[in-house]
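Beneath this line is the structure, given in structure tokens, with notes to follow.
Nothing here was measured: the structure is a model prediction, and the numbers come from that model. These numbers come from the heavy atoms of this one structure, side chains and all, not from hydrogens, waters or symmetry mates.
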Amino acid sequence: MTDTSSVLRIVWIYPDLLSTYGDQGNALILRRRAELRGIRTEIVHVHSSDAVPVEGDVYLLGGGEDRPQILAAERLRADGGLKRAAERGAAVFAVCAGYQIIGESYGDDADNPLPGVGILDVRSGRGDVRAVGEIVADVDPNLGVGRITGFENHQGRTALGPSAIPLSRTVTGIGNDGQTEGAYQGQVLGTYLHGPALPRNPELADLLLRWRVGPIPPLPPSWGERLHEERLAAAL
């Protein structure tokens, strides 16, 4: 998609397997912030029994428990649609379990390595201590997003390969390893942030829109910006 005369296709992947902590709110706020700018949108729900369409603009994956995560990864690898979409330049935003399975590998509940979808150069395993609570992190300045907040609840630890860039540096919380949170590679972005992440961080939602639409006008401050500031103040 290159202009606002087209329809922005937001693809919500496997809501029947990957949709903990209200992560579908990411799709809703992305649609809302696009439509406030006059960009027409369509949300496509892709269940685990469905083929993943290749012609989407933004693909969203949420969190999930161990068994649904394994099923989602197996089906996404077998289907191949998400990988083909990423290869043709679509934006991907993946949270928690979704973040892990778009990487090269991730660990099951016994920390046995399993293959991921392979669109982000990260490898995830299990840490000794579960990360639970509010997290605050400063996003890579090249992305123009600033400070983000969220809620993490995971035992994963994620190591970045040379092709992936840390999304942010942690101020409080664990994220990948206690130092960085999330990763991105081209227009593929993963994070451990629930909340949901995009309603809590409107600038992060706008980053995804810019990746697909190009420059977008600012919006007047609203409840999203107020929520962002409230959560920052509460977490620090």
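Taking hydrophobic clusters as Ile, Leu, Val, Met, Phe, Trp and Tyr residues chained together by side-chain heavy-atom distances below 4.5 Å, F151 does not share a cluster with L193.
When the options N176, L61, V92 are evaluated for a side-chain contact (heavy atoms from CB on, under 4.5 Å) with Y99, the one that passes is N176. Exactly one of R200, H228, R231 qualifies for a side chain to side chain donor-acceptor pair (under 3.5 Å) with T149. That residue is R200. The salt bridge (charged side-chain N to carboxylate O under 4.0 Å, His left out) with E55 is formed by just one residue from the set R84, R88, R9; it is R88.
With rounding to the nearest 0.5 angstrom, the CD atom of E203 is 12.5 Å from the CG atom of L209. Note that CD1 of I102 and OG of S124 are 9.5 Å apart. Values are rounded to the nearest 0.5 Å. Distance check: Q185 CD to S163 OG gives 5.0 Å after rounding to the nearest 0.5 Å.
Within the 4.5 Å cutoff, no side-chain heavy atoms of V44 are placed close to those of I10. A heavy-atom distance below 4.5 Å is not found between the side chains of L18 and E65.
Panel note: side chain N26, backbone D23; a donor-acceptor pair is recorded below 3.5 Å. Judged purely by atom type and a 3.5 angstrom limit, E35 has no side-chain atom pairing as donor or acceptor with the backbone of R32. Between the side chain of N201 and the main chain of A197, a donor-acceptor pair closer than 3.5 Å is present. In this structure a side-chain-to-backbone donor-acceptor pair under 3.5 Å is missing from T180 to R169. Judged by distance alone, the side chain of T41 and the main-chain N or O of L8 form no donor-acceptor pair under 3.5 Å. Under the 3.5 Å distance criterion, the side-chain polar atoms of E152 are matched with a main-chain donor or acceptor of G175. In this structure, the side chain of D111 does not engage the main chain of G125 through any donor-acceptor pair within 3.5 Å. The backbone N or O of G107 sits nowhere less than 3.5 Å from a side-chain atom of Q100 that would complete a donor-acceptor pair.
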>> Applying side-chain contact (heavy atoms from CB on, under 4.5 Å) to I70 and I101, what does each step give before you reach the verdict?
In response: CA-CA 8 Å; I70 292 171; I101 64 178; over 6 Å; no
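Ring geometry, Y192 versus H154: the interplanar angle falls under 30°, so the pair is classed parallel (tilted spans 30 to 60°).
Y14 and D50 share no side-chain donor-acceptor pair at under 3.5 Å. Between E181 and T191, the side chains place a donor N or O and an acceptor N or O closer than 3.5 Å (distance only, hydrogens not considered). Judged purely by distance below 3.5 Å, without hydrogens or angles, the side chains of D16 and S48 pair a donor atom with an acceptor atom.
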